[in-house]
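Structure first, commentary second.
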Amino acid sequence: MLAQLNSAPVYLICGGIIAFVAAVCVVFMIRAYRAGIKIGMDKTLLKRAVVSSATFSVLPSIGILLGVIALSGSLGTPWPWLRLSVVGALYYEAQVAQAAAEQVGMSSLSAAEMTASGFSTIAFLMSVCIMWGMVLSIFFNKRYLKKLGSGTKKASGGGFADTAMTAMFIGLVSTYIGSYIGNFTSSGNWIPLLVVVVSGFAMAIFIFLSEKKGYAWLESFSIAGSMIFGMASAVLVSIFIQ
Amino acid sequence: MDKYNFFEKYNNRTHTIGKITTSIALILFVTAPFMIGAYLGAMPDLKAAAKAFISVGLVWTISCVVEFFIYTPMLGTGGYIAFITGNLLNMKIPCAVNARDIVGAKTGTPENEIVSTLSIATSSLVTILVLAIGVLLLAPLQPVLQSPVLTPAFENVIPALFGAMAYKYFRKNMKVAVFPLFTMSLLFILVPSLTGSTSMMIIPSGAIAIGIAFLFYKKMNKNKKSDKKGNIAENKTESTEAIGTSTVEKTEVEK
């Protein structure tokens with residue numbers, strides 16, 4: 001079964017869909033860049049935003065690649081490649097695939113028990129459960145943003161909307177850091193907390209260098225660089241202490 | 001052409017492109033299992049899929065709806081690609097927020113919309129490329145990426161990301177950050193099982209942060225107003241004193 005799931009036609013179907021999504025990204029990217037120039041945005045800043053977004057995305061993407069490897073043992077490589085290149089996330093895909101596997105009579109999600117019908121049912125459920133963000137986007141994105149007055153003269157920037165967005169993001173980060181603290185007190189796992197501290201400290205150094213020492217170009221790499229330091233600390237602790 | 005007129009045209013066209021491409025992507029994603037099923041000689045068992053959907057799908061449906069309403073204002077028209085390519089919390093949102101800061105754009109402005117779309121599209125493209133290269137080089141890469149030495153690094157990608165972002169955003173907004181951070185830490189310490197639904201806890205935490213930010217915002221506006229009143233009163237006193245000197249000086253003070 002796994003050989004069939006890794007065959008050229010399956011690669012072709014999944015690769016074709018991924019190529020379509022990549023093309024959509026390129027179209028959005030070029031249009032946004034051109035529009036930015038047209039409304040008088042600084043080219044250097046736009047390029048810096050692109051470089052920062054690209055460098056920052058590399059490490060989490062390698063993490064996602066690990067998800068493809070993890071799922072490829074039971075679902076073949078092309079299908080997890082498609083799912084994780086697009087809307088999916090590993091924790092979601094694994095959970096839904098397991099639930100679907102149980103419903104088609106498999107004791108667990110494994111290549112040994114996989115059948116053609118089992119695979120297509122699992123794949124269908126993985127696609128359906130998480131499609132609602134896209135459905136809502138099609139019907140409500142424009143109306144919702146219009147209601148918020150986004151991009152209009154009325155929303156001239158600043159005001160409470162800007163503060164609220166930053167606050168929402170602070171709430172998001174606080175939740176995750178709170179969960180690492182809770183995890184530490186309940187299970188004694190202190191590595192995520194250490195990683196938070198180290199990458200935060202690294203970010204402080206990056207900000208100091210870019211804002212006070214005139215290395216403005218470092219700003220584009222500050223998140224990716226801080227993440228490398230944080231992740232490296234986890235490796236070092238695992239090697240030398242644990 | 002006026003900036004806002006140009007942006008309105010660009011925005012309308014982006015919505016049209018977004019709607020069309022998202023519809024096509026949605027159709028492709030849902031029909032892919034049938035295409036593969038046709039090749040394998042077995043179509044999806046819709047009864048089993050419906051049962052599984054009731055057991056796990058409903059939770060994800062609610063989560064998707066909540067995500068849409070909370071994150072769309074941050075993503076703007078970039079939301080179309082963000083919802084096609086996923087990974088909102090761990091990549092697209094931080095990416096858009098960071099890019100917005102680099103450019104210095106304010107929420108709701110055309111600049112913010114444009115830079116959000118640009119950063120989300122870039123981030124999505126990088127993920128697609130990394131995964132494509134990874135799949136191409138799967139055989140040599142697999143043992144390296146799955147080596148026990150590197151495992152702790154990839155298990156901690158999210159803490160590394162949020163540690164860096166925390167410093168960047170907390171340092172300027174410490175007053176707003178303290179209470180949600182304290183509340184969330186306390187909640188997760190007292191109810192450790194909540195770690196299983198961390199993403200749902202973002203809603204109350206975000207609400208607390210927004211509430212506190214609103215209080216500070218109101219206070220700041222009040223202070224600004226009273227400062228302004230104070231300045232006007234000061235100017236008036238100065239101008240009254242100046243009346244006795246000369247008319248030229250009076251005009252200068254009022255200016």
Side-chain angles (χ1 to χ4, degrees), chain A residues 17 22 24-25 28-29 32 35-36 39 45 49 53 57 61 63 65 87 99-100 103-104 116-117 120-121 123-125 127 129 132-134 136-137 142 151 155 157 161-163 165 167-168 170-171 173-176 178-179 181-182 185-186 192 195-196 199-200 203 226-227 230-231 234 238, chain B residues 3 10 15 21 28-29 33 37 40 42 44-45 48 52 56-57 60 64 68 83 86 99 102-103 106-110 113-114 117-119 121-128 130 134 152-153 156-157 159-160 162-164 166-167 180-181 184-185 188-189 192 198 201-202 205-206 209-210 213:
Chain A
I17 297 173
V24 173
C25 292
F28 269 81
M29 211 174 137
I39 64 164
L45 287 179
S53 305
S57 304
S61 300
L65 177 63
V87 72
Q103 290 300 331
V104 292
S117 166
S120 53
T121 308
F124 177 66
L125 196 74
S127 307
C129 286
W132 307 107
M134 294 167 72
L136 289 169
S137 270
K142 190 176 182 182
D162 204 48
T163 315
M165 281 306 129
M168 186 67 213
I170 287 172
V173 177
S174 300
T175 311
Y176 275 90
S179 77
I181 294 171
T185 55
S186 63
V195 172
V196 166
S199 61
M203 181 54 117
S226 306
M227 286 172 74
M231 289 162 72
S238 305
Chain B
K3 177 172 117 180
Y10 158 82
H15 278 296
T21 51
L28 288 173
F29 294 164
L40 296 174
D45 177 350
V56 286
W60 287 101
C64 286
F68 174 80
F83 286 107
I102 288 176
V103 173
K106 299 280 182 192
T107 305
T109 57
E113 284 273 317
I114 285 168
T117 307
L118 186 64
S119 65
T122 307
S123 173
S124 307
L125 205 57
V126 168
T127 305
I128 289 173
V130 169
N156 287 288
V157 173
F162 285 133
Y167 181 81
L181 183 60
M184 284 300 120
S185 304
F188 282 110
I189 289 169
T198 306
M201 294 308 291
I202 293 166
S205 177
I210 290 174

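In what follows, every chain begins at residue 1, and chains take the letters A, B, ... in the order their sequences are listed.
Chain A forms more heavy-atom pairs under 4.5 Å with one residue of B/G37, B/S123, B/G134 than with any other, namely B/S123. Heavy-atom pairs under 4.5 Å with chain A were tallied for B/A99, B/P192, B/S119; the largest tally goes to B/S119. Chain B forms the most heavy-atom pairs under 4.5 Å with one residue out of A/A123, A/S226, A/S186, and that residue is A/A123. Per-residue counts of heavy-atom pairs under 4.5 Å with chain B were compared for A/V104, A/V24, A/I181, A/L125; the largest is that of A/L125. Across A/C25, A/A100, A/S137, A/A234, the residue that shares the most heavy-atom pairs under 4.5 angstrom with chain B is A/S137. Per-residue counts of heavy-atom pairs under 4.5 Å with chain B were compared for A/A49, A/G230, A/G133; the largest is that of A/G133. Chain B forms more heavy-atom pairs under 4.5 Å with one residue of A/A22, A/S174, A/G171 than with any other, namely A/S174. With respect to chain A, the highest number of heavy-atom pairs below 4.5 Å among B/L118, B/V157, B/T127 belongs to B/L118. Of the residues considered (A/G36, A/G182, A/S61), A/S61 shows the highest number of contacts with chain B, using heavy-atom pairs under 4.5 Å.
Both the backbone and the side chain of A/S117 come within less than 4.5 Å of a heavy atom of chain B. Residue contact with chain B, scored on non-hydrogen atoms closer than 4.5 Å, involves the backbone and the side chain of A/L65 alike.
Residues A/F124 and B/D45 fail the side-chain proximity criterion, which asks for heavy atoms closer than 4.5 Å. You'll find the side chain of B/Y10 stays beyond 4.5 Å of the side chain of A/I39, heavy atoms only. Residues B/F29 and A/I17 have side chains in contact (heavy-atom distance under 4.5 Å, counting atoms from C-beta outward). B/F68 places none of its side-chain heavy atoms less than 4.5 Å from the side chain of A/W132.
Shown here are the side chain to side chain contact (heavy atoms under 4.5 Å, CB included) partners of A/S120, two or more places apart in sequence or in another chain: B/P44. Under the side chain to side chain contact (heavy atoms under 4.5 Å, CB included) criterion, B/A213 pairs with A/F160, A/T163, A/A167, B/V176, not counting sequence neighbours.
The side-chain contact (heavy atoms from CB on, under 4.5 Å) test with A/S57 is passed by exactly one of B/V126, B/L125, B/T122, B/V130: B/V126.
Interatomic distance, CG of B/N156 versus OG of A/S199, reported as 9.5 Å (0.5 Å rounding).
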